[in-house]
K.L.:
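Sharing a structure here in structure tokens format.
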Amino acid sequence: MEVLSLALAFLIVSLTISFFVVRNGSDVGSRLPPGGSGLPFVGETLDFFLNPEKFIRDRMKKHSPDIFRTNFFGEKIVVICGPNGHKFLWSNESKYFTSFYPESMKKLFLSNQPKRLIREEDLKVIRSGPGVLKPESLAHNLAEMDSIIQQQLKIHLEGKSEVTIHPFSNAVTFTLACRFFMGTENPERIAKLIGHFNKIIEGIHSLPLNFPGTAFYNACRAADVIRKELATVIKEKIDAAGVVGSPSRDMLSALISSGYMSDAEISDKVMGTLVAGYTTVATTMTFFMKYVGERPEVYHKVLTEQLEISKAKQPGEALCWEDMQKMKYSWAVICEVMRLAPPLIGSFREAMTDFTYAGYTVPKGWKVFWTVNTTQKNPKYFPEPNKFDPSRFLEGDAPLAYTYLPFGGGPKLCPGKEYARIVVLAFVHNMVKKYKWSLIDPREKISGSMMPVPEKGLPVRLYPH
């Protein structure tokens with residue numbers, strides 16, 4: 001159905017605006033990167049959406065392994081490839097590049113504030129305010145995270161012989177995100193919000209066609225509902241305790257306490273952080289269940305490591321920061337999961353000025369895309385790239401620099417990296433100690449463009465210990 005709807009939307013757009021001039025045409029010169037523009041306005045967007053990995057691989061082979069140009073919705077885009085390209089990009093973030101967000105993201109996350117999606121002063125508040133993403137705060141909150149995960153396993157898995165993992169993972173990570181980013185533990189509010197957030201996820205990387213029946217239209221309506229709910233939460237927090245100037249344990253309270261952001265800006269910020277903070281982590285949890293469910297020998301090694309950690313603790317004692325550092329094999333497994341199924345395949349920048357790379361010139365204003373697909377499954381950097389092999393990430397055998405990028409890199413390295421690591425490892429610890437599992441459909445297909453999703457949600461059979 002997704003492919004059919006994409007194709008239908010593609011045809012509608014093409015027929016409606018095929019008379020538009022292809023904006024790439026006037027720029028073609030001998031020093032531009034090699035590549036193509038595709039069809040009017042739509043460019044090569046559909047090819048990319050249907051199979052991003054194949055799209056990138058084919059064009060690297062046809063045009064250049066270093067850089068090539070393409071066109072998404074009339075935007076002139078170059079894809080910078082390989083570790084040298086990634087190093088060049090991140091070494092010149094403030095010199096050549098600035099952040100860029102596709103139109104769908106702008107409309108969803110900036111409907112009330114027609115400015116940049118993320119500002120540096122906002123990131124400073126997030127990182128230095130209550131420190132919810134700092135290691136010291138994560139260490140302080142770890143026991144509560146552990147408790148919430150145990151509660152979620154009990155609510156969703158106890159007494160069941162079969163369960164669908166992807167919605168379950170979403171429920172776990174969304175509950176955690178609501179607690180630590182929005183400061184709410186109300187199960188009714190969480191249940192109400194998650195359906196709207198799921199609509200945003202379905203629409204965020206879809207064709208930005210805002211009319212009834214499209215995923216993007218549903219996402220825009222869901223974003224409006226979420227903003228209204230966040231406005232209510234903000235008012236509740238201010239009325240309850242006089243938030244301004246007071247210490248806080250969640251990101252929303254910290255943003256309110258800062259005193260310089262409007263309520264609308266805060267809503268946009270928290271909504272974007274909630275989306276990023278639960279979907280990517282849930283994707284990693286889901287594919288951990290898939291790959292480990294297919295490999296009993298890997299499951300046994302993870303279980304052995306987690307049981308050793310439990311043996312050193314008192315009955316009922318929560319996980320602590322030191323326990324996380326002992327989960328070396330488990331983390332190697334998670335790293336291999338993210339190599340094969342990256343939670344997000346890349347992001348965009350915009351050229352602030354003309355720049356030259358690999359002998360080609362990219363004009364100011366063009367968009368630049370980096371993607372894990374140029375390295376993480378490249379046999380040049382990861383031998384037998386389709387083989388699941390956690391030993392790639394054990395001590396003494398780390399990947400080459402700029403080849404493994406599930407959290408991005410450079411100055412814009414994902415600020416939630418450590419949060420994601422702690423949440424996933426706490427999930428692994430509790431899951432493997434309580435259950436063994438097997439896949440109901442080992443041949444289930446993986447769909448999605450920017451974010452992978454098992455088509456059936458990954459149904460599994462559970463075997464309690």
K.L.:
State, with a plain yes or no, whether a side-chain heavy atom of R392 is found less than 4.5 Å away from one of P383.
P.N.:
yes
K.L.:
Once side chain to side chain contact (heavy atoms under 4.5 Å, CB included) is applied, do any residues pair with R221, and if so which ones, sequence neighbours excluded?
P.N.:
N210, Y217, D224
K.L.:
Give the C-alpha distance, both sets of side-chain angles, the deciding distance and a yes or no for side-chain contact (heavy atoms from CB on, under 4.5 Å) between Q376 and Y381.
P.N.:
CA-CA 7 Å; Q376 287 193 186; Y381 312 115; over 6 Å; no
K.L.:
Just jot down the side-chain hydrogen bond (donor to acceptor under 3.5 Å, both in side chains) partners of S91, sequence neighbours excluded, or say none.
P.N.:
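With neighbours one apart ignored, the set is empty.
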K.L.:
Can you tell if the side chain of F216 reaches within under 4.5 Å of the side chain of L209, non-hydrogen atoms only?
P.N.:
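They are not in contact (no side-chain heavy atoms under 4.5 Å apart), so the answer is no.
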K.L.:
Can you sort out the partners of D389 under side-chain hydrogen bond (donor to acceptor under 3.5 Å, both in side chains), two or more places apart, ordered by chain and number?
P.N.:
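Residues passing side-chain hydrogen bond (donor to acceptor under 3.5 Å, both in side chains) with D389: S391.
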K.L.:
Is a side-chain donor or acceptor of R69 paired with a backbone partner of V362 at a separation under 3.5 angstrom?
P.N.:
no
K.L.:
With the side chain counted from C-beta on, respond yes when T283 and P452 share a heavy-atom pair under 4.5 Å apart, and no when they do not.
P.N.:
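Counting from C-beta outward, T283 and P452 do come under 4.5 Å.
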K.L.:
Identify each donor-acceptor pair in which a side-chain atom of residues 287-297 lies under 3.5 Å from a protein atom, sequence neighbours left out, and give them as a table.
P.N.:
unit_1 : atom_1 : unit_2 : atom_2 : d
K290   : NZ     : E294   : OE2    : 3.0
R295   : NH1    : Y291   : O      : 3.0

K.L.:
Within the 4.5 Å heavy-atom criterion, are F55 and T371 side-chain neighbours or not?
P.N.:
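No - every pair of side-chain heavy atoms lies 4.5 Å or more apart.
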K.L.:
Please determine whether side-chain contact (heavy atoms from CB on, under 4.5 Å) holds for the pair M327 and V428, giving the CA-CA distance in whole Å, both sets of side-chain angles, and the decisive distance to 0.1 Å.
P.N.:
CA-CA 10 Å; M327 300 182 187; V428 168; over 6 Å; no
K.L.:
Does E384, at its CD atom, have more than 12 non-hydrogen atoms belonging to other residues, nucleotides or ligands within less than 6.0 Å?
P.N.:
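Count not over threshold, so no.
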K.L.:
Looking at I200 and F109, what are the two nearest heavy atoms and their distance?
P.N.:
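That would be CG2-CZ, 4.2 Å.
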K.L.:
With a 6.0 Å cut-off (strictly less than), is the heavy-atom count around NZ of K87, excluding the residue itself, greater than 12?
P.N.:
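Count not over threshold, so no.
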K.L.:
Please work out whether the ring planes of F348 and F100 are parallel, tilted or perpendicular, with thresholds of 30° and 60°.
P.N.:
perpendicular
K.L.:
Report the distance from atom CD1 of I56 to atom OG1 of T375, rounding to the nearest 0.5 Å.
P.N.:
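The distance works out to 11.0 Å.
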K.L.:
Under 30°, 30 to 60°, or over 60°: which ring-plane class applies to F48 and F369, parallel, tilted or perpendicular?
P.N.:
perpendicular
K.L.:
Residues in side-chain hydrogen bond (donor to acceptor under 3.5 Å, both in side chains) with H156, at least two apart?
P.N.:
Q152
K.L.:
Of the non-hydrogen atoms in A420 and V281, which two are nearest, and what is the gap between them?
P.N.:
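Closest approach of A420 to V281, heavy atoms only: CB-CG2, 3.9 Å.
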K.L.:
Roughly how far apart are N373 CG and I345 CD1, rounded to 0.5 Å?
P.N.:
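Going from CG on N373 over to CD1 on I345, the span is 5.0 Å.
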K.L.:
Show your reasoning for whether side-chain contact (heavy atoms from CB on, under 4.5 Å) applies to K417 and L133.
P.N.:
CA-CA 8 Å; K417 175 182 177 180; L133 298 179; over 6 Å; no
K.L.:
Not counting sequence neighbours, which residues clear salt bridge (Lys or Arg N to Asp or Glu O under 4.0 Å) with K328? List them please.
P.N.:
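Residues passing salt bridge (Lys or Arg N to Asp or Glu O under 4.0 Å) with K328: E395.
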K.L.:
Can you name the side-chain hydrogen bond (donor to acceptor under 3.5 Å, both in side chains) partners of K456, sequence neighbours left out?
P.N.:
D441
K.L.:
List in chain and number order the residues that pass salt bridge (Lys or Arg N to Asp or Glu O under 4.0 Å) with K199, two or more places apart in sequence or in another chain; answer none if no residue qualifies.
P.N.:
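Here no residue qualifies.
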K.L.:
What I'd like to find out is whether the side chain of Q306 reaches to under 4.5 Å of the side chain of S330, using heavy atoms alone.
P.N.:
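Answer yes - side chains close enough.
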K.L.:
So if I apply the side chain to side chain contact (heavy atoms under 4.5 Å, CB included) rule between K367 and each of T70, N71, V78, I77, which one comes out positive?
P.N.:
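When side chain to side chain contact (heavy atoms under 4.5 Å, CB included) is applied between K367 and each of T70, N71, V78, I77, only I77 qualifies.
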K.L.:
Let me check something: any side-chain donor-acceptor pairs from residues 402-411 under 3.5 Å, sequence neighbours excluded? List them with distances.
P.N.:
unit_1 : atom_1 : unit_2 : atom_2 : d
T403   : OG1    : L400   : O      : 2.6
Y404   : OH     : C335   : O      : 2.7

K.L.:
Just by modelled atom types, is the F68 backbone N or O under 3.5 Å from a matching donor or acceptor in the Y360 side chain?
P.N.:
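Such a contact is absent between Y360 side chain and F68 backbone.
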K.L.:
May I ask you to check if R339 and F382 form a cation-pi contact, with NZ or CZ under 6.0 angstrom from the six-membered ring centre and within 45° of the axis?
P.N.:
yes
K.L.:
Just grab all the side-chain hydrogen bond (donor to acceptor under 3.5 Å, both in side chains) pairs involving residues 346-356, residues at least two apart or on different chains.
P.N.:
E93-R349, S347-R349, S347-W370, T356-T361
K.L.:
I want to check something: taking the side chain as every heavy atom from C-beta on, are L303 and K436 in contact at a cut-off of under 4.5 Å?
P.N.:
no
K.L.:
Can you spot which of R57, K54, R59 makes a salt bridge (Lys or Arg N to Asp or Glu O under 4.0 Å) with D47?
P.N.:
R59
K.L.:
Apply the test side-chain contact (heavy atoms from CB on, under 4.5 Å) to residues L138 and M145: give CA-CA distance (whole Å), side-chain angles for both, the deciding distance (0.1 Å), then the verdict.
P.N.:
CA-CA 9 Å; L138 292 172; M145 291 180 177; 3.8 Å; yes
K.L.:
Heavy atoms, side chains only, cut-off 4.5 Å: are L439 and E444 in contact?
P.N.:
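No, every pair of side-chain atoms sits at 4.5 Å or beyond.
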K.L.:
Quick check: closest heavy atoms across A219 and G203, and the distance to 0.1 Å?
P.N.:
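Heavy-atom minimum between the residues: CB-CA, 3.9 Å.
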K.L.:
Show me the donor-acceptor pairs within less than 3.5 Å that the side chains of residues 168-181 make with the rest of the protein, sequence neighbours left out.
P.N.:
unit_1 : atom_1 : unit_2 : atom_2 : d
S169   : OG     : I165   : O      : 3.1
S169   : OG     : T286   : OG1    : 3.4
T173   : OG1    : S169   : O      : 3.0
T173   : OG1    : N170   : O      : 3.3
T173   : OG1    : Y278   : O      : 3.0
T175   : OG1    : A171   : O      : 2.7
R179   : NE     : E144   : OE2    : 2.7
R179   : NH2    : E144   : OE1    : 3.4

K.L.:
Compare every heavy atom of P390 with every heavy atom of A332, then report the nearest pair and how far apart it is.
P.N.:
CB-O, 3.4 Å
K.L.:
Using atom types as modelled and distance alone, determine if a side-chain donor or acceptor of E75 lies under 3.5 Å from a backbone N or O of F72.
P.N.:
no
K.L.:
With salt bridge (charged side-chain N to carboxylate O under 4.0 Å, His left out) as the rule and sequence neighbours excluded, what pairs involving residues 419-432 come up?
P.N.:
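Residue pairs passing salt bridge (charged side-chain N to carboxylate O under 4.0 Å, His left out), neighbours aside: E418-R421.
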K.L.:
Can you find a heavy atom in the side chain of P65 that is under 4.5 Å from one in the side chain of C81?
P.N.:
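No, every pair of side-chain atoms sits at 4.5 Å or beyond.
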K.L.:
Checking K62 side chain against M60 main chain: does a donor-acceptor pair fall under 3.5 Å?
P.N.:
no
K.L.:
With rounding to the nearest 0.5 Å, note down the distance linking CE in M285 to OG1 in T280.
P.N.:
10.0 Å
